[in-house]
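The sequence lines fix the lettering, A, B, ..., with proteins before strands; numbering per chain opens at 1. Keep in mind that the numbers below use all heavy atoms, side chains included, and drop hydrogens, waters and symmetry copies.
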2 protein chains.
Amino acid sequence: MESIAEIQRSDSAKPSTPEIDALVREIIDRVADKWTMLVLEVLEEQGTVRFTRLGELVGGVSQKMLTKTLRQMESDGLIVRTVHPVIPPHVDYQLTELGRSLSEAFCGVWLWAEKYHDAVFAARQAFRQRQRPA
Amino acid sequence: MESIAEIQRSDSAKPSTPEIDALVREIIDRVADKWTMLVLEVLEEQGTVRFTRLGELVGGVSQKMLTKTLRQMESDGLIVRTVHPVIPPHVDYQLTELGRSLSEAFCGVWLWAEKYHDAVFAARQAFRQRQRPA
DNA sequence: CTGCATCCCAAAGGATACTG
DNA sequence: CAGTATCCTTTGGGATGCAG
């Protein structure tokens, strides 16, 4: 197993073996999802939330995608889904410890967006100008 | 319609006005993109990289999506695109200060993925078991 | 109320061929 | 080399109807 491949990159900042890299990639792909992040944020702020309310708070999500996203997050261990066997049905969602940790990790991006959105919009405008030189 | 709904959120941890919220949402939508994050990471680690090499390092990206992603990132002020007018053409990309700051912000998610990917996979397996009770 | 199933359309994305 | 243009497949996502 000790091939040359492992030795030659001892200066790498991250000790990413190809296999770990693939795993991490898989997670990033999954997690770098619009609805996942928004649901995560809502649950972080609101605690325990019911299905319909969650859809309202997220905003602009179809119930189809909401269901899909929630199932996926549940499968990934980010949230717990609790069904109260009453009529009418009552289902609520909340973050797991894992979910909270991801929310915290993503917080940096959120703060970045809050801090630099105007810089981004300015850059876009400048870019458009550059593309249209009369 | 709702009457009290607007007043009751003065205790929110984040001072998000509806307008800022929409802007931030827009940025998150844009930035919570698979290829954007991967390109960002490659450029963070490698510094200045050429088009083809970038595609190789990112891995699994079609040149169509790579081009699209790069254009978008350039427009958003995350990267600079430098064209060297030689034959054959030589174009390289590097992060701007803004791009580096986003990379840093996203670093938390990266570390999260590295730390918890096995927890996620375990959760998935447990979930599958739960769904197949005989 | 919560969601699954279906139909259907629009957008994302891959493969390939071609150009400066 | 660094794209653009084209075609085609996959996925996203809205609408509706229905069940528990």
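- Atom CD of E56(A) has more than 12 neighbouring heavy atoms from other residues, nucleotides or ligands inside a 6.0 Å radius.
- Atom CD1 in I28(A) sits 11.5 Å away from atom CG in L23(A) (nearest 0.5 Å).
- Counting only distance, with no hydrogens or angles, the side chain of R25(A) and the backbone of G59(B) share a donor-acceptor pair below 3.5 Å.
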Would you tabulate the pairs of protein nitrogen or oxygen atoms and nucleotide nitrogen or oxygen atoms of nucleotides 14-16 of chain C closer than 3.5 angstrom?
{"from": "dG14(C)", "atom 1": "OP2", "to": "S62(B)", "atom 2": "OG", "distance (Å)": "3.0"}
{"from": "dG14(C)", "atom 1": "O6", "to": "K64(B)", "atom 2": "NZ", "distance (Å)": "2.4"}
{"from": "dT16(C)", "atom 1": "O4", "to": "Q63(B)", "atom 2": "NE2", "distance (Å)": "3.2"}

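- The hydrophobic cluster containing L70(B) does not contain F127(A), counting ILVMFWY residues as joined when their side-chain heavy atoms lie under 4.5 angstrom apart, directly or transitively.
- Remark: Y93(A) pairs with no residue by the ring-ring contact (aromatic ring centres under 6.0 Å, His included) rule, at least two apart or across chains.
- Pairing analysis of DNA chain D (Watson-Crick: purine N1 to pyrimidine N3 plus N6-O4 or O6-N4; G-U wobble: N1-O2 and O6-N3; both under 3.5 Å) yields stems of 3 or more pairs at C:1-20 with D:1-20.
- Residues V83(A) and L54(A) are members of one and the same hydrophobic cluster, defined by side-chain heavy-atom contacts under 4.5 angstrom among Ile, Leu, Val, Met, Phe, Trp and Tyr.
- R71(A) has a side-chain polar atom (N or O) that falls below the 4.0 Å cut-off from OP1 or OP2 of dC4(C).
- Side-chain atoms of T67(A) come within 3.5 Å of backbone N or O of Q63(A) as a donor-acceptor pair.
- Rounding to the nearest 0.5 angstrom, the gap separating the CE atom in M73(A) from the CH2 atom in W35(A) is 13.0 Å.
- Residues R50(A) and V91(A) have side chains not in contact (no heavy-atom distance under 4.5 Å, counting atoms from C-beta outward).
- The outermost nucleotides of DNA chain D lying under 4.0 Å from heavy atoms of chain A, listed 5' to 3', are dG12(D) to dG20(D).
- Atom NZ of K68(A) is separated from atom C1' of dT2(C) by 19 Å (rounded to the nearest Å).
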Which pairs would a plain distance check flag for residues 94-106 of chain B, meaning a side-chain donor or acceptor within less than 3.5 Å of a matching protein atom at least two apart in sequence or in another chain?
{"from": "T96(B)", "atom 1": "OG1", "to": "G77(B)", "atom 2": "O", "distance (Å)": "2.6"}
{"from": "T96(B)", "atom 1": "OG1", "to": "L78(B)", "atom 2": "O", "distance (Å)": "3.0"}
{"from": "T96(B)", "atom 1": "OG1", "to": "L98(B)", "atom 2": "N", "distance (Å)": "3.3"}
{"from": "T96(B)", "atom 1": "OG1", "to": "G99(B)", "atom 2": "N", "distance (Å)": "3.0"}
{"from": "E97(B)", "atom 1": "OE1", "to": "R100(B)", "atom 2": "NH2", "distance (Å)": "2.9"}
{"from": "R100(B)", "atom 1": "NH1", "to": "L95(B)", "atom 2": "O", "distance (Å)": "3.4"}
{"from": "S101(B)", "atom 1": "OG", "to": "W112(A)", "atom 2": "NE1", "distance (Å)": "2.7"}
{"from": "S101(B)", "atom 1": "OG", "to": "L98(B)", "atom 2": "O", "distance (Å)": "2.6"}
{"from": "S103(B)", "atom 1": "OG", "to": "E44(B)", "atom 2": "OE1", "distance (Å)": "3.1"}

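- Within the 4.5 Å cutoff, the side chain of L66(A) has heavy atoms near those of the V39(A) side chain.
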What's the verdict on side-chain contact (heavy atoms from CB on, under 4.5 Å) for Q72(A) and R30(A), showing C-alpha distance, side-chain angles and the deciding distance?
CA-CA 9 Å; Q72(A) 191 161 259; R30(A) 175 72 64 98; 2.8 Å; yes
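- Once rounded to the nearest 0.5 Å, the distance linking OG1 of T69(B) with NZ of K34(B) reads 10.0 Å.
- A straight line from CG of L66(A) to C1' of dC1(C) spans 13 Å, rounded to a whole angstrom.
- A heavy atom closer than 4.0 Å to some atom of DNA chain C occurs in P89(B), these being the qualifying members of residues 77-94 of chain B.
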